[in-house]
Amino acid sequence: MERYNAQEVEPIWQKKWVEKGIFKSEENTNKSKYYVLEMFPYPSGKIHMGHVRNYTMGDVIARYKRASGFNVLHPMGWDAFGMPAENAAMQRNTHPAIWTYENINNMRSQLKLLGLSIDWEREIATCDPKYYVHEQKLFLDFLKKDLVVRKNSKVNWDPVDKTVLANEQVIDGLGWRSGALVETKELTQWFFNITKFADDLLLKLDDLKRWPDKVKIMQDRWIGKSTGVKLHFEIKHKTQNIIDKTLEVFTTRPDTLFGASFCAISPDHPIANVLSKENLEIKKFINTCQKQGTTLANIAKAEKIGFKTGITVNHPFIKNKELDVYIANFVLMEYGTGAIFGCPAHDQRDLDFANKYQLEVIPVVLPSNQDSKSYKIINEAFTGDGTMINSDFLNNLSIADAKNLAADTLEKIKINGQAQGEKTITFRLRDWGISRQRYWGCPIPIIHCKKCGVVEVPRNKLPVTLPEDVSFDVPGNPLDRHPTWKHVSCPKCNSPAERETDTFDTFVDSSWYYARFCSPHSEEVLDSKAVDYWLPVDQYIGGVEHAILHLLYSRFFMRSMKITGHVKIDEPFDGLFTQGMVTHETYKNTKGEWLFPEEVKIENNTATHIDTGEEIIIGPIESMSKSKKNIIDPNAIVSMYGADTARWFILSDTPPERDIQWTDNGVEAANKFIQKAWKIIYEGEKYVCKKEEGIPLNFTDEAMKIRKVTHKIISEITEALDNLRFNRAVAYIYELSNSLTTIITDKPKNIDTSMAWALRESLEAYCKLFGPMAPHLAESCWNHLGHTNLLAEQPWPTYEKKLIINETSVIIVQINGKKRGEIEISIDAEQKEVEQKAFNVENVIRAINDNTIKKVIYVPGKILNVVV
RNA sequence: GCCCCUGUGGCGGAAUUGGUAGACGCGACAGAUUCAAAAUCUGUUGUCUUAGGGCGUGCUGGUUCGAGUCCGGCCAGGGGCACCA
């Protein structure tokens, strides 16, 4: 027998698939469609094991669905804009475009080695003007429908690099590259009006039945809807520069108003701002708060500090009661109105604050097990359910009723001609800022004219492309300092004007790429026929790290594209699957330096350096990362074992949503299977009938046995793949392998025609079943069984129901819930019959002994439990 | 602090949703083959045992004829959010 040589064989099948174009997809309204999509990669230069896992899983689904008769769309592209290209440009003095396209070429060829069933003719790169011209059109469409707003916002500004930093690039208040103290700068920026859909984005989460709950919960909390009351406290005493007559406060607990003992505003509140100008101590205090916000977050989190402003407000319900207004470090300007009233008894933060400044603590909610006279709050606020006390007209009500009554009452009271309070809904979600002061992104198609203001670039002048002659040797945005690029004439009045030099956040690029894949070459933004046919994505697969932003932005884009008439539906992804990470042991030498796995030799649980023999410490298992060097290069695995081994390993043993640990033993086992399967087909083929032979009338018991196993396993694997349980599918493949091995190693000499037929049936099903997971091997096996067509074009095997139902079943006999024996009996046997047989089992007789039988429970086909 | 997930042999993990716990794989041990090794194949492999069984799914209590699965309380590990009024 020839050893199966994956490295030699795999390219041959890959070439055949391409030649026959079997992964090309076209709209075909006669067939049900199935759109499989994996999150497209950032072209960093090399694929990593995370990619292998992601794309292998998608490929299994794509191949399985294709075999199951679906018209499958399975495209691939590149999330090609973004900062790493600019960083590379700075470090290596190359152009971002050159670096990016080189990386794309590398990664494309690496991905192709994996034998993925991708329609490469649909490939897109977001940095391609042919792609982003449509993004610019979409932006202008959104602008017309008021989905885009322009407003001021604070950004992290690195004064050395002269650039805006993302939050994650600010480390302890310093720029990650320059180390400069990051400043807060106010810039006018473009925003997508995502808050417009806040309610709908929240509500429709319920309809996403095939999304992980985890992701839905995260989005729910991110949107952060809360219902409450916006209260206008009348300001009683104030300093001269304060012009406000009321202090606006948001609360979800209007029921606790009678327990209010102070008000507090955020250090960033406009009133605090005014005060800081007239009072140096307040200014100092605010500065301390702001420092704590970034650097000392962990230390400061416990301590609640405040500053008494001297301003007081009137209590809305209690005449002549005034509350002091503090500036407090724990009040956030970004949430609600940036001001609160404090009810220490029923909010821990407020209680901590009140205890520090000796403010009164009035309990207004009484837990059911407490007495109102003795009930006191000392160090722990009570946030549970109860009845109202010390609350005048709210007394004895439940919290819910008190909330309603308090809110209704506030709406009726008028101060300064307006209601004192109104029911309000607030969201944590804020509008999506999309302006980035960077070069390597999609230009925002806007021109700023001194006379006409903000002017759209006319559609026929799109795309606004990036200038190529830029340098990265000086800090700052190359678009801004380019000698000619930004200077244009106003499309409206023709006078000198300037281009917008900001580019889009790269999340914009990835918020609609899945739609563009439906018609990647269309002159329109989206071809409605294609989009209506293919969308939504039936199965989207990617890392959970995109649970919020990318997925929420995409959901926003679909809604917006619906308003602009590009699509007809709201939700982009019908099914979502978030796969786990790939992990590996870590290795360090005694100096504490990380080592690559290939530098380490492990014997009997002790590790030594492969060259020097020095002692190596085996560290914890962590997700593969360059910094810890615990990485395995997919290329190395593919060139050593072939793609099928890598694919097989990544699918085996570990459930796909969990982290998978990469081990050498695991890879060996995967490779062993590849060889074993080939051997089964190679040896088994000697005994099978001709492929055109018809089904025999009768089967021997032996033949029947293998047929039954085969059909059972077809049904199991079908179910496993329907539920993305790849590890279980692999286990069932092994089971069939074992059954087939037994037959083949027995080398049946007088094989009869029914066995020859059953064996062919089984071997062909076998190939088809592992086909989606090890596609190259499957083609070789299919070919060896005498077929000249491609397995990738064969239909998924079906099972006969009657072959997976047994005529007899094994009934477990229990005494008091403990297994005491088993009997085999016809599937439709009556309970009486089962009992009779069971009571003749030696073990059962012994166990019952002299005890009297109290009760007998019979679960048909499964269990007979005798209670004695 | 809050929320979510996970906890089953030496290891990765199965268990049709309340019905034989440990499928399948790895590792280990034994045997076959071999001059020998690798590879391959065949067994054995939760644990204690007086060989009848006993005990076993993080701990603990409960519901049930019957619990890995359901409910209450805890413990541990991982992830997410974090002063959200």
Side-chain angles (χ1 to χ4, degrees), chain A residues 1 3 212-218 220-222 224-226 228-229 231 249-253 256 263-264 266 292-293 297-298 300-304 328-332 334-343 346-350 352-353 426-428 544-545 547-548 580-581 605 649 652-655 657-661 663-670 672-673 675-676 679 715-716 719 725 727-738 741-742 745 810-822 843 846-847 854-859 861-868:
Chain A
M1 188 193 92
R3 197 175 156 80
D213 288 339
K214 182 174 54 172
V215 173
K216 289 194 274 189
I217 289 166
M218 282 162 79
D220 187 312
R221 297 192 68 180
W222 186 263
K225 180 179 180 172
S226 54
V229 170
L231 258 168
V249 159
F250 175 74
T251 181
T252 56
R253 296 293 304 269
T256 63
C263 278
S266 160
Q292 278 174 348
N298 289 331
K301 70 177 176 185
E303 177 124 61
K304 312 264 175 280
N329 64 340
F330 64 95
V331 181
L332 303 173
E334 299 81 43
Y335 189 77
T337 61
I340 61 152
F341 78 81
C343 174
H346 305 290
D347 184 291
Q348 192 59 45
R349 292 159 302 178
D350 297 348
D352 293 345
F353 190 81
T426 2
F427 291 93
R428 204 191 86 113
V544 74
E545 67 273 16
I548 297 174
M581 291 182 295
N605 287 328
F649 172 83
S652 311
D653 289 347
T654 305
E657 70 279 7
R658 271 198 231 172
D659 287 356
I660 186 171
Q661 194 194 341
T663 60
D664 289 348
N665 278 337
V667 181
E668 291 291 342
K672 215 159 105 181
F673 164 75
Q675 293 301 336
K676 188 174 171 177
K679 190 177 172 185
S715 95
E716 297 286 10
E719 201 198 317
R725 309 291 290 170
N727 56 320
R728 273 173 61 181
V730 167
Y732 287 119
I733 290 286
Y734 285 143
E735 247 180 62
L736 186 54
S737 301
N738 291 343
T741 306
T742 312
T745 46
V810 175
I811 307 279
I812 303 306
V813 185
Q814 296 181 330
I815 311 296
N816 287 346
K818 287 205 167 130
K819 184 187 167 189
R820 286 299 125 121
E822 54 183 55
N843 261 351
R846 185 167 44 226
K854 283 188 189 156
K855 200 174 171 186
V856 179
I857 292 127
Y858 178 55
V859 184
K862 279 178 182 161
I863 289 257
L864 183 83
N865 191 11
V866 183
V867 188
V868 298

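Proteins come first, then strands; the chains are lettered A, B, ... in the order of their sequence lines, and each starts at number 1. Keep in mind that what you see is a predicted model, and the values were worked out from it rather than measured.
For the OP1/OP2 pair of B:rC5 and a distance below 4.0 Å, the side-chain nitrogens and oxygens of A:Lys214 include no atom meeting the criterion. Look at A:Lys818 and you won't find any side-chain N or O under 4.0 angstrom from OP1 or OP2 of B:rA21. Phosphate contact (OP1/OP2 of B:rC24, side-chain N/O of A:Asn727, threshold under 4.0 Å): absent. OP1 or OP2 of B:rA82 has not a single side-chain nitrogen or oxygen of A:Arg349 nearer than 4.0 Å. For the pair A:Asn738 and B:rG25, the criterion of a side-chain N or O lying under 4.0 Å from OP1 or OP2 is met.
Contact between A:Phe673 and A:Tyr734 at its shortest, heavy atoms only, is CD1-CE2, 3.5 Å. Annotation for A:Met581 and A:Asp659: closest pair N-OD1, 2.8 Å, computed over non-hydrogen atoms. Contact detail for A:Arg3 and A:Gln675: the closest heavy-atom pair is CG-OE1, 3.6 Å. The two residues A:Gln661 and A:Phe649 have their closest heavy-atom pair at O-CZ, 3.5 Å. Taking both residues in full, the closest heavy atoms of A:His346 and A:Arg253 are given as O-NH1, 4.5 Å, listed atom of the first, atom of the second, then distance. The two atoms that bring A:Val249 and A:Thr337 nearest to each other are CA-OG1, 3.4 Å, heavy atoms only.
Syn is the glycosidic conformation of B:rU17, whose angle stays within 90° of 0. Applying the 90° criterion around 0 to the glycosidic angle, B:rG12 comes out anti. Regarding the sugar-base torsion, B:rG31 falls in the anti class, its angle being beyond 90° of 0.
If you find the closest nucleotide of RNA chain B to A:Asn865 and to A:Arg658, the one lying nearer the 5' end belongs to A:Arg658. Mapping A:Glu657 and A:Glu822 onto RNA chain B by nearest heavy atom places A:Glu657 closer to the 5' end of the strand.
Following rounding to the nearest Å, A:Glu716 (CD) and B:rU16 (C1') show an atom-to-atom distance of 8 Å. Put simply, CD on A:Glu668 is 11 Å from C1' on B:rA39, counting in whole angstrom units. The distance between atom CG of A:Asp659 and atom C1' of B:rG12, rounded to the nearest whole Å, is 13 Å. Look at CD on A:Glu735: it is 12 Å from C1' on B:rA15, rounded to the nearest Å. Taking atom CG of A:Asp352 as the reference point, atom C1' of B:rC83 lies 10 Å away to the nearest angstrom. Going from atom CZ of A:Arg428 over to atom P of B:rC3 covers 16 Å, rounded to whole Å. The separation between A:Phe673 atom CZ and B:rC41 atom P is 13 Å, rounded to whole Å. Across the protein-nucleic acid pair, A:Arg221 atom CZ and B:rC3 atom P stand 8 Å apart, rounded to whole Å.
Across all strands shown, A:Arg3 has no heavy atoms under 4.0 Å from either base or sugar-phosphate atoms. Within 4.0 Å (heavy atoms only), A:Tyr734 reaches sugar-phosphate atoms of the nucleic acid but no base atom. Note on A:Val856: nothing from the nucleic acid sits closer than 4.0 angstrom, heavy atoms only. Using a 4.0 Å heavy-atom distance criterion, A:Ser652 is classed as making no nucleic acid contact. At a threshold of 4.0 angstrom between heavy atoms, the contacts of A:Asp213 with the nucleic acid are absent. Residue A:Lys854 is classed as having no contact, given no heavy-atom separation below 4.0 Å to the nucleic acid. At a threshold of 4.0 angstrom between heavy atoms, the contacts of A:Lys819 include nucleobase atoms, whether or not backbone atoms are also involved.
Side-chain proximity of A:Phe330 to B:rC83, B:rA85, B:rC65: nearest is B:rC83. Closest to the A:Lys672 side chain, of the nucleotides B:rG19, B:rA85, B:rU40, is B:rU40. Considering only the side chain of A:Val867, B:rC65 comes nearest among B:rA85, B:rC65, B:rC26. Nearest to the side-chain atoms of A:Val859 among the listed nucleotides B:rA85, B:rC65, B:rG19 stands B:rG19. Listed nucleotides: B:rA23, B:rC41, B:rC3. Nearest to the side chain of A:Ala731: B:rA23. Closest to the A:Asp653 side chain, of the nucleotides B:rA85, B:rC65, B:rG12, is B:rG12.
Using C1' as the reference atom, B:rA21 and B:rC55 are 13 Å apart when rounded to the nearest Å. Comparing the same atom, C1', in B:rU60 and in B:rA67 gives a spacing of 15 Å after rounding to whole Å. Nucleotides B:rG10 and B:rG46, compared at atom P, are 10 Å apart to the nearest Å. For B:rG62 and B:rC84, the P atoms lie 39 Å apart once the distance is rounded to whole Å. To the nearest whole angstrom, the two P atoms, one in B:rG18 and one in B:rA85, are 37 Å apart. On the P atoms, B:rC11 is 32 Å away from B:rC81, given to the nearest whole Å. Taking atom C1' in both B:rA15 and B:rC4, the straight-line distance is 25 Å, to the nearest Å. The same atom, P, is picked in B:rG68 and in B:rG58; the two are 10 Å apart, to the nearest Å.
Between A:Ser226 atom OG and A:Arg428 atom CZ the span is 11.0 Å, to the nearest 0.5 Å. Interatomic distance, CD1 of A:Ile340 versus CG of A:Leu231, reported as 12.0 Å (0.5 Å rounding). For the atom pair A:Asn727 CG and A:Ser652 OG, the distance stands at 8.5 Å (nearest 0.5 Å). Rounding to the nearest 0.5 angstrom, the gap separating the CG atom in A:Asn865 from the CD1 atom in A:Ile857 is 5.0 Å.
In terms of the ring-ring contact (aromatic ring centres under 6.0 Å, His included) criterion, A:Phe341 has no residue partners (sequence neighbours excluded).
Side chains of A:Asn738 and A:Lys676 form a contact here, defined as non-hydrogen atoms less than 4.5 Å apart. Using a 4.5 Å heavy-atom threshold, the side chains of A:Val866 and A:Ile815 count as touching. The closest side-chain heavy-atom distance from A:Asp350 to A:Phe330 is below 4.5 Å.
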Quick one: which protein N/O atoms are closer than 3.5 Å to N/O atoms of nucleotides 32-34 of chain B? Pair and distance per line, please.
none

Per-nucleotide pairing state of RNA chain B [Watson-Crick or G-U, under 3.5 Å; [ ] pseudoknot-crossing; | other strand]: (((((((..(((......[....)))((((((.......))))))(((....)))..(((((..]....))))))))))))....

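Taking only distance into account, the side chain of A:Lys304 meets the base of B:rC83 through a donor-acceptor pair shorter than 3.5 Å. The base of B:rC26 is not paired with the side chain of A:Asn665 by any donor and acceptor separated by under 3.5 Å.
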